[in-house]
Structure formats: C-alpha cells, structure tokens
Amino acid sequence: MGDRLDPHLDLSSRILEDLNDVQHEAVVHGDGPLLVLAGAGSGKTRVLTRRLAYLIAAHGVEPERILAVTFTNKAAAEMRERVARLLGETASRIWVGTFHAICLRMLKRHQRLLGFQGNLTVFDAEDQIQLYRRVLKEANLGEGTGLKPRDAQSAISYAKNAMLGPDAFEAASPSPGRQRIAKVWRMYDARLREQDGADFDDLLLLTLRLLDENPAVADTYARRFQHVLVDEYQDTNRVQFEIVRRLAEAHGNICVVGDDDQSIYGWRGADITNILEFERHFPGAAVLRLEQNYRSTGSILDVANAVIRVNEGRKPKTLWTANGRGEAVRLFLADDEEQEGRYVARRIREGMRRGGAASGFAVLYRTHAQSRPFEDAFIRAEIPYRVIGGVSFYQRREVKDLLAYLRLLVNPFDEISFRRAALAPRRGAGETTVDRMIADARARGLDYLAAAEEAAIAGIGGGRGLAPLAKMAHWLRELSARAGEPPHVLIEEVVREVDYAGWLRAQGESDWEDRYAHVLELTEGARSYEGSEEGTTLAGFLDQVALYANVDEVASGGERVTLMTVHNAKGLEFDQVFVTGLEEGLFPHVSAWSDRHEMEEERRLFYVATTRARLKLELTACRLRRRINYAGGMDVSRFLADIPKDLLDVEGVAAAVGTGLMPPLVRSVAPAARVDEEPDEPEIRREAATRRPRGLLARHVRYGVGRVLSVDGAGDDARVEVDFPGWGVKKILRAYLSLEKGEQG
DNA sequence: ATTATTGATTTTTTT
DNA sequence: AATCAATAAT
C-alpha cells in the first residue's frame, strides 16, 4: 500500500493525510513513552513512517537525533524510502536499521574500549559453527558426549539472548551437560575475542556492555537520540530491551509498535513480556490500539481470529474491518504433497488468467523443505516464482570461500577465514598442516599471514604444505596494501590469483558452472554496494554482507509468485495467500506438541500466515506426506478444528467426508476402532489396527503406529525397535515416539 | 599426510 | 538431498 498524497497540501497536512483517529494520535504524540498495539494490517508501517516524518517536519527534531529500529534490513530500507518520499533526502540522516546493524555501527566506533584490537569482525552463523567445531575438537568434548557444534551454538545463543553468562547458565541447573556447554562457551568466547570476532548475539551484548561500562559513551548516545522508535517490538529479546532502555530512559521518548499476537521468535529468545510489560517498564506510557484492519476481507479475518482466540496469554483485542466479507476461505485436502503442489499451481493459473499478477500470490509453509513440490508444479505449469530463504546467497560455499580471503585482508587474525582460505582451493596443505600452523601462530600471538610466512622459513612441522601457504600469505599481505581499492576489484583479483574457477571445475561437481555464476554475482553485489550511499570500503562491504538476511532478498523481485516460510512472510502482504502443509506435526510442528507455550507460538504463526492475505486465502493439507526417505499419513492440523465450519469452503478428499473435515488416516490407538466408522476409510488405517499385539504400541509422526519389539537403553535416548506395518522394522529414539498400551485380543 | 569413499544423520523457524 | 564424521586407499 503506497502513500498517495496530495502534493498541494502543506507538509504537515500531507503527513497527516489519510489517517484514522488512532493512527493520527500515534503520529502526533509528542514526548513520552508510547506503545502502539498494532493488529495485523492495521497500518502500522504507515504510522511509523508518518511519525518519523512528523517528528522532523512538525516537531523540528533533527533527523540524526532519531533512532528507528526495524526487524530486517529490508524493512529498514523501506522505511527510509517511505520517509524520503515525504521529506526528501533528509530522511537518509535518520539512524534506521536492525538492532544488529545499529549495534555494529556503534561498536565499530568504540571497539577499543571493549578490548578489541580494531579489527572487529562479524561471525555469521556458519562461522560460529566452525569455531564451535574447533573448540569441541580441541577440548575433546564433542566425542562420546554427543554434543554437536550446532547444539552448543543454539543453546549458547539462546542463553546469551536471555542475558545469562556461562556461570549463571551453569548454576541454573548444574548437570554434566550444562557444565560441558558452559565450558565450551567460555572457550568459544575467549577464542572469538582473541581474533577480534563477535557473533550476532555478541553484537547486542557488547553494545549493552559498552553502554554500561562507559557512562560517557552511554551519555553521548542517550543525549544524541532524542527519540527512539522500535518496530516489531513483540519480537525483541531481553538484551534488546536493555539497550533500548539505556538509550531512552532519560528522556522517555520511546515509541514501540508491535502486536503480541504476532510474536513468533520466542525460540530465538524474543521475550513477549517486553511488550506486555511496556507500561510498567516505562511509566506514564500512552497506549494506543490500532484495531481496524485495512488489509484483509472479513472472511479472512474471521478465520484468523477464530484460531488466535484460543491462545490464553494475550492482550484481548478485536481486530475488525470495514472491508466486505469477500470470498470464503478455501480449504483443500490433498492426497499428497504433489497434489497439493498441483492444486496451488492450478489456482494460481486461474487467478492469473483472470488478470492477477504473479507477484500478488504467495505460498507459505512452515519449513523450507516444503518448497520442492511447489517448485516442481510451478515449473510444469510455467508459473514464474522465487523462493525466499533456504540457503542464502552469502552462505554459499563458493561465496564464503572468497569472502574468507577478503576478510583476511581486513583482519589477519581471523582464524576461521584463514582456515577456509588456506583449504579452498587446496594448495598442497591439508587440514593437519593448517591446524598445526594455526596452533603455532596462536601460541606466539602472530597474525596468520605473518605466521604462515614465517613458518615456511622456520620449517615448522616439516610439512611440505608450508611453502604454498607462505606463498598465499605473502600474496595476501601485498594485496592488503591495496585494501583501499573497490571491493569488486579485490574479489576479481582473488578469483584470478587462486584460479578459483579452475578449482571449482576440478572439484568434479556437476554444478560448478552454477557455482562460478555465484562468484560473478558476488562481484556484481560488490559493485552495487560501491554505488550505494552506505560507503565503499571493503570493511563496510563485509559488514553489510555479514548482516544480510534471507528476507532481505524480498526486494522488488519482479513478476513472480513468492514461496517462503511463514517467518519470512512477517510484515508482508499479498492479494492471494496459500497457507500450506496444515498437518499435525508440521504445522503445528511436532516440536511444539509437548509445550503449551510453543503451541501458542505455532498458533500465532498461523495467525501471521493467514493475515498476510488481502483478498483471498486458501489453506491446504495432505493426507500423506513423503519426507526425506519415507512417508506417512498425517492428521489434519488442529488449527483447522478451531475454525467454524461455515467459514470454510472445503474441497478435495470427497469434500472431506462429511463434516468432520478429513478423517485422520491414522487415528490414535487408544480408542478401539468404532463400528460406525465410514466404510471408505483408507486401508492403511485398517492395517494398523488389524495387528493386535499385546504389550506396547508406539506411535510415530511419520510411520504411524507399530508394534514394539525391543527397547534398548532408558529414557529419551533409548533405542526402540518397532515394526511399523508397511514400513518394516525401524530403530527409533524413544524421544520421537509416543508409547501406548496396545489393545488386548 | 591427504584424499576418496562409505555410512550415518539430519531440518523448525533466523537477525 | 545433502552434509558430516569415520574409515579406507593412495
């Protein structure tokens, strides 16, 4: 939705044009804390941008004295652009960005106060995993304990966001597992600091520390920012809240916008109490509620409301719309995911034939893995599409390889990048040699380029691989003298010198040409960065790349249908939306089955998904879903049961056999098969029921119900051998099964 | 010491 | 499907 404004009105009137009463009030609110509870589609972004413009135009606040925090870089860009449309280029002086980008900006200026040597480098998720891998290996902690880099990473990241330190984490519940993690955590942090590295979580934590330990710095920023605005406040975590508090407490000019019903990042440490307790945190806060929805039809809102209503821990609110009822929400029950894909493709074709633009459609799913069948169907139906997320461009191996060289130019202490660059392409030195060299350099406090050059001279370790490493280091050192040149030039130089194309080809992978295309794309990315106003230094480019996220790709992507996860869809809207894979175990995801809070979050996720739709909403589910290696019958999502039946137009599986939506393929074993069940029940179900084993039955998400043959071990880690009819005997961890008493006789 | 091959394990969501 | 660790081959 664009801001269409009458150019003849004076500026303030233009800024206030087309606002309802509450929106107007939010925009003109002067000093003091303000909480805007903005329901889905209630014009939240409009309020935020107008408010920014109004502060500058009417209250005379200097743009650089406003801090506006958004959830994604894309949202930041959009906000800046929309303010610029009202105010012109002064808009670019506002500090707009994600928490991470803004923190990095502040940290870069003051890094020495925090003990950095001046090379502050952002470690992305993969760099983190690599470093955890090193730590686990060297501490001999991974072996036997089953502690994997990813587990350590997620546990520690979560704890960091909750503002625990390793000590507190350990003390919280002293178990061997936690102690191990705490130990890894300390080693990891030390190792990271040693190389001037900071991970995503550190960007926030260090900023908070910077403010707490340096009153002068804190004071500077607190004075500087006369107004602080935070979007998507329901998804901020504890650290972010503390940062905001430090910056805004003195003057209390804090405006936050959010919707507790759309809080979907709890797993990442988002703390919903931030928004629920805002009035307590900032006394005297004004609270405004935007409850009129301008986006969706009445039918769509009814469905969304029916499901979110079930949640208990929420601020009660009634989202209403003056829009018409529109078309009824459709539910399609597919036999399997291929049919689901074909159905959606068919519906989109129909919509396009009626004049709908491809970009007006979105297909949403719970997990990335679900995109494939849709892609297949779209290719066959010749529907242009794009998939948002999955493997982000900057995460690709070939891209990361090249970035490793560039990072070394900026920070020669970057161990992870050195390792990566040294090994790709292979130059006669293997992991062992490189590891040894790294250990030596660390012991002597040398940077890795210097160390590599020296090692060859000293002949450490006697490895034949040292000479080529030294050669690489020497070349990079010379190149670093040219680090001031445009990033794309440096990339090209690296690609040429190491013959990266040759290496890709030699790898013998069939897709080497695609990979090389990505290399060229990276050069293009650098070029466009150089043309932007963000600055043109290599370090700047690397920072931007590090903070780049999947969703940021969304940028006007032309005439295509969009496929993405519900998480990625937050804040977006489309004419017609398909919410797919509505099956128990998928959406809601299994992981939420045993936790009430997580289940509430899944429900909010469903709410977010449905409220993306403007005109038409369709829901789909499959009876049978094939995943990775195998398949299984799926029960229909419990969310569908929350929707009054007269709100849904049901299609598929003989219009869902009567009224009870789709009869589940495999029903819980506990109640014996009833006689009055429909005769055309699927066979698989009967199969599952015909075996009448004594003893235990095990229920599995994918395989359905089977007979337990043996149990090995105890607790959740026990291995259970189960005979699943139709699937054979499988060994499965107890944690993935629910055991039930079998029926006798 | 390095690379190639096999085999196991995996995915929920992401700044 | 794809990545990662353990094992075998060079």
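Order of the sequence lines fixes the chain letters, A, B, ..., with proteins taken first and strands second; residue numbering starts at 1 for each chain. As the structure is a prediction and not an experimental result, all values here were calculated from the model. Atom set for the values below is all heavy atoms of this structure, side chains included, hydrogens, waters and symmetry mates excluded.
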May I ask you to say what F71(A) touches in the nucleic acid, namely base, sugar-phosphate or nothing, with a heavy-atom cut-off under 4.0 Å?
sugar-phosphate
Counting just side-chain N and O atoms, does T565(A) come under 4.0 Å of either OP1 or OP2 of dT12(B)?
no
Determine, answering yes or no, if H589(A) is stacked on dT12(B) under the 5.5 Å centre rule and the 30° plane rule.
yes
Can a side chain N or O of R133(A) be found less than 4.0 Å away from OP1 or OP2 on dA5(C)?
yes
Could you report the tightest heavy-atom contact between G269(A) and N237(A), atom names first, then the distance?
O-CB, 3.0 Å
Distance in Å, K160(A) NZ paired with W185(A) CH2, rounded so as to fall on 0.5 Å steps
7.0 Å
Tell me the interatomic distance from Q130(A), atom CD, to dT3(C), atom P, rounded to whole angstroms.
13 Å
Go through the structure and list residues passing side chain to side chain donor-acceptor pair (under 3.5 Å) with Q370(A), not counting sequence neighbours.
T367(A)
Could you state the atom-to-atom distance from CD of Q153(A) to P of dT14(B) in whole Å?
14 Å
Nearest to the side chain of A369(A) - dT11(B), dT15(B), dA5(C)?
dT11(B)
Return yes if the base of dT12(B) and the side-chain atoms of S591(A) contain a donor-acceptor N/O pair under 3.5 Å, otherwise no.
yes
side-chain N/O N568(A) vs dT14(B) OP1/OP2, d < 4.0 Å:
yes
Residues of residues 233-244 of chain A with a heavy atom under 4.0 Å from any atom of DNA chain B, listed by number, are none
Using the side-chain heavy atoms of F200(A), tell me which of these nucleotides is nearest: dA5(C), dT15(B), dT14(B).
dT15(B)
Determine whether a donor-acceptor pair (N or O, by modelled atom type, separation under 3.5 Å) exists between the side chain of T610(A) and the backbone of A304(A).
no
Considering only nitrogen or oxygen atoms on both sides, find all protein atoms under 3.5 Å from nucleotides 6-8 of chain B and state each distance.
none

What verdict does the side-chain contact (heavy atoms from CB on, under 4.5 Å) test give for R134(A) and D435(A), after you've listed the backbone C-alpha separation in whole Å, the side-chain angles of each residue and the deciding distance to 0.1 Å?
CA-CA 10 Å; R134(A) 304 308 316 151; D435(A) 278 350; 3.2 Å; yes
What's the CE-P distance between M564(A) and dT13(B), to the nearest Å?
15 Å
is_close_aromatic(Y265(A), F71(A)), centroid dist under 6.0 Å:
yes
Step by step, would you call R407(A) with D127(A) a side-chain contact (heavy atoms from CB on, under 4.5 Å)?
CA-CA 12 Å; R407(A) 275 170 52 165; D127(A) 302 327; 2.8 Å; yes
Given dT14(B), is OP1 or OP2 found less than 4.0 Å from the side-chain N or O atoms of H368(A)?
yes
Residue list, side chain to side chain contact (heavy atoms under 4.5 Å, CB included) with A592(A), at least two apart or on another chain
E598(A), M599(A), E602(A)
E601(A): partners by side chain to side chain contact (heavy atoms under 4.5 Å, CB included), with sequence neighbours left out:
W267(A), R604(A)
Would you jot down, in residue-number order, the residues of residues 263-270 of chain A having a non-hydrogen atom under 4.0 Å from DNA chain B?
Y265(A), W267(A), R268(A)
Do E337(A) and F374(A) pass the side-chain contact (heavy atoms from CB on, under 4.5 Å) test, and can you show the C-alpha distance, the side-chain angles, and the key distance before you say yes or no?
CA-CA 8 Å; E337(A) 69 280 342; F374(A) 295 108; over 6 Å; no
In whole angstrom, what separates Q544(A)'s CD from dT15(B)'s P?
14 Å
Would you sort out whether Q153(A) and R133(A) count as a side-chain contact (heavy atoms from CB on, under 4.5 Å), showing the intermediate values?
CA-CA 10 Å; Q153(A) 192 269 339; R133(A) 178 166 297 130; over 6 Å; no
